[in-house]
Amino acid sequence: MKKLFTTLSNIWKIQELKERILFTLLILLVYRFVSHVVLPGVDPTALGNNEKSGILGLLDMFAGGSFSRVSILALGVMPYISASIVVQLLGIAVPSFQKMQKEGESGRKKMNQITRYLTVAITIVQSVGYVKTQVPAEAILLPNTLFLVLSTFVLTAGTLFVMWLGEKITDKGIGNGTSLIIMVGIIARLPVAISQEFSARVGSSSEGGGPVALVLEIVALFAVVMFTILIVQGVRKVPVQYAKKIVGNRQFGGVRQYIPLKVNAAGVMPIIFAQALMFIPGALMQFVPSLQGSWLIQFSNTTSLAYSLTFAFLIIAFTFFYTAITVNPTQMSDDMKKNGGFIPGVKPGFATSTFIDDVISKITFPGAVFLAIIAILPSLAVKFGIKQEFAHFFGGTSLLILVGVVLDTLQQIESYLLMRHYDGLMKTGRVTGRTGIPAASSNAAL
C-alpha cells in the first residue's frame, strides 16, 4: 500500500503527466455533461422507460445511456468507429489505400481525412434511422419534417464533437481518446447494474441468494477480469537475431530481440462481426412475420444453446479471418531481412514467412476459443440468475474494451514514470511498457 501511494505521488511530480491526466479528466467530464442534453424538440418527461435490449442495448451501453435518453450525443462515437473499420479494411483490399498507408505521415493524414468524411456520411444515415425508429412520437414537440432535419444536423454535430474530444485526448491527454470515451460510457452503467443486482439479492425486492450470492458474483467477476487480462496480454515471443556490423572500432547489431505475436491479435473485432450476423435472424422475423414461428426463433433468445454455440463458432471463424488479413507474415519476414535480422535455425525469406505463419496459426486457435468463451459468459451469467444489466460486465465486447483500454492507459503512464527514472506502476508486474522490447517490424504488435 505504501508503494502505491509513493507511485501516485511520483505521477503527480511529473508536470507533463499531471497536466495530461487532468486534461483527460476534464474532457471526459465535459463529455458526460453534454451526454445528458436532450435533442431540441423532445419532451424528456414523455420518454418514460426507454431502455433498449439486444444490439440497441449494446449501443446504448457504448454511448453511456445517451442512446436511450435521446441525447444530442445519442450516436456517440460509433459512426467514427464504423468509418475507421471500413477504411482499415479498404487499406487491406484496395491498392490505392495500401499505397497511402506506406506514405508515412502524409498518407496517415489523408486516411484520417477520408475517415472523417465517411463518418459524416454514416452519421447522417444513422441519424435519420434513429429519429424515425427510436424517438417516441408522443415525445416530439415539433412538426415531423422540421424535427427530422433539425435532429439530423444536431446528431451529426454531436458525433463530430465526440470525435473531436477523442482526438484532443489522444493529442494532449493520456491514452486513446476514442477508446476512453467508450470506456467511460460503459463504466457509467456499472453503478446502476450493481444497484439492481444488490436489490435482487439483499434489497427489498430480493429474489433470493442473500449477501453470500452477491459476494460469489463479485469474486466470479474478478476471476473473469483476470482471465481476460491474460488473454489480452498473452504473446508468443519469437526470437530474432541481428547480424553484427563493425564500423571503425564500433560494433553495431549482434543483439537478440523478439517479435511479440499476440494470442488475441484480432482484439474485439471478431465479437463485433459475429454479433452483427447474429441479429440477422431477428431482423428477418421482423420483416417477414411468417418466419416468427420457425426455427429462427431460437436465435432471438441470447441465452439459448443454439444461439451460444452459433455465436461461439462465428467468433472462432472471424478470429482466424481477421488475424489473416491484419497480420502479414510475408511483410514481417521482408522487414526482418532488410534490417539484417533472422530467426535462429530458420532461413531468411520464404522459410521465415512460413515459420511465422505456422506460429500464428497455432496460437490463434486457443486465442479464438478463449475469446468465444469470454463472449458467451454473459449468457451463462444470466442462466445462473444474474441480472441482464450486471451480466454484461461478465464478458463480451464491453469487458474486452474495458480491459484493453485500462491496460493501454497504464502502459502510457508506466512509460512516463520509467522515462523520469521512477519505479513503474507495478515493479514486479508485466505491464507491456516495462517489459516490451522493440519488435523486429512495425507489424509485430499486431
Hey, does Ile259 have a side-chain heavy atom less than 4.5 Å from the side chain of Lys237?
-> no
Interatomic distance, Ile363 atom CD1 to Asp358 atom CG [nearest 0.5 angstrom] | 10.5 Å
Are Arg116 and Tyr80 linked by a side-chain donor-acceptor pair shorter than 3.5 Å?
-> no
Check whether any side-chain heavy atom of Val235 sits under 4.5 Å from a side-chain heavy atom of Leu261, and report yes or no.
-> no
Heavy-atom pair with the smallest gap, counting every atom of Ile316 and Ala368 | CG1-O, 3.8 Å
Give a yes or no answer on whether the side chain of Ser195 reaches the backbone of Pro191 with a donor-acceptor pair at less than 3.5 Å.
-> no
Donor-acceptor pair, side chain of Ser333 and main chain of Gly349, under 3.5 angstrom | yes
Which word best sums up how the rings of Phe318 and Phe321 line up, parallel for under 30°, tilted for 30 to 60°, or perpendicular for over 60°?
-> perpendicular
Nearest non-hydrogen partners of Gly367 and Val263, listed with the distance = CA-CG1, 3.6 Å
Rounding to 0.5 Å, atoms CD1 (Ile401) and CD1 (Ile186) come to a distance of 4.5 Å
Residue pair Gln412 / Gly175: nearest heavy atoms and the distance that separates them = OE1-N, 3.2 Å
With no hydrogens and no angle check, is any side-chain donor or acceptor of Ser71 less than 3.5 Å from a backbone partner on Phe67?
-> no
Test log, rule side-chain contact (heavy atoms from CB on, under 4.5 Å), inputs Phe393 and Leu399 | CA-CA 6 Å; Phe393 293 93; Leu399 181 60; 5.9 Å; no
Over all atoms of both residues, closest heavy-atom pair of Leu90 and Phe97 | O-CB, 3.5 Å
Enter the distance from Ile72:CD1 to Thr156:OG1 here, rounded to the nearest 0.5 Å.
-> 12.0 Å
Kindly indicate whether the side chain of Phe311, heavy atoms from C-beta on, has any atom under 4.5 Å from the side chain of Ile376.
-> yes
Salt-bridge present (Asp334, Lys338; N to O < 4.0 Å) | no
Tell me the ring pair (Phe, Tyr, Trp, His ring centres under 6.0 Å) pairs involving residues 324-372, sequence neighbours left out?
-> Phe227-Phe370
So OH of Tyr130 and CG of Leu75: to nearest 0.5 Å the spacing works out to 7.0 Å
Could you go step by step and tell me if Val406 and Met183 meet the side-chain contact (heavy atoms from CB on, under 4.5 Å) rule?
-> CA-CA 9 Å; Val406 170; Met183 185 192 75; 3.8 Å; yes
Any side-chain heavy atom of Val327 within less than 4.5 Å of one from Met332?
-> yes
Donor-acceptor contacts, no H, no angles, side chain residues 25-35, under 3.5 Å, sequence neighbours left out:
unit_1	atom_1	unit_2	atom_2	d
Arg32	NH1	Gly64	O	3.3
Ser35	OG	Arg32	O	2.7

Worked check of side-chain contact (heavy atoms from CB on, under 4.5 Å) between Met336 and Ile356 = CA-CA 12 Å; Met336 199 186 307; Ile356 294 175; 4.0 Å; yes
Donor-acceptor contact present, side-chain Thr352 to main-chain Lys347, <3.5 Å | yes
Which atom pair, heavy atoms only, marks the closest approach of Ala391 to Ala381?
-> CB-CB, 3.9 Å
Taking all non-hydrogen atoms of both residues into account, name the closest pair between Lys172 and Arg20 and its distance.
-> O-CG, 3.3 Å
Which of Thr170, Ile169, Val405, Ile81 passes side chain to side chain contact (heavy atoms under 4.5 Å, CB included) with Thr178? It is Ile81
Side chain proximity check, Asp408 to Ser179, heavy atoms < 4.5 angstrom = no
What's the verdict on side-chain contact (heavy atoms from CB on, under 4.5 Å) for Leu371 and Ile231, showing C-alpha distance, side-chain angles and the deciding distance?
-> CA-CA 8 Å; Leu371 190 64; Ile231 301 303; 5.5 Å; no
How long is the gap from CG on Leu17 to CD on Glu19, to the nearest 0.5 Å?
-> 10.0 Å
dist Ile386:CD1 -> Gln196:CD (nearest 0.5 Å) comes out at 13.0 Å
Can you give each donor-acceptor pair under 3.5 Å made by side-chain atoms of residues 158-165, sequence neighbours left out, with the distance rounded to 0.1 Å?
unit_1	atom_1	unit_2	atom_2	d
Thr159	OG1	Gly76	O	3.3
Thr159	OG1	Leu155	O	3.3

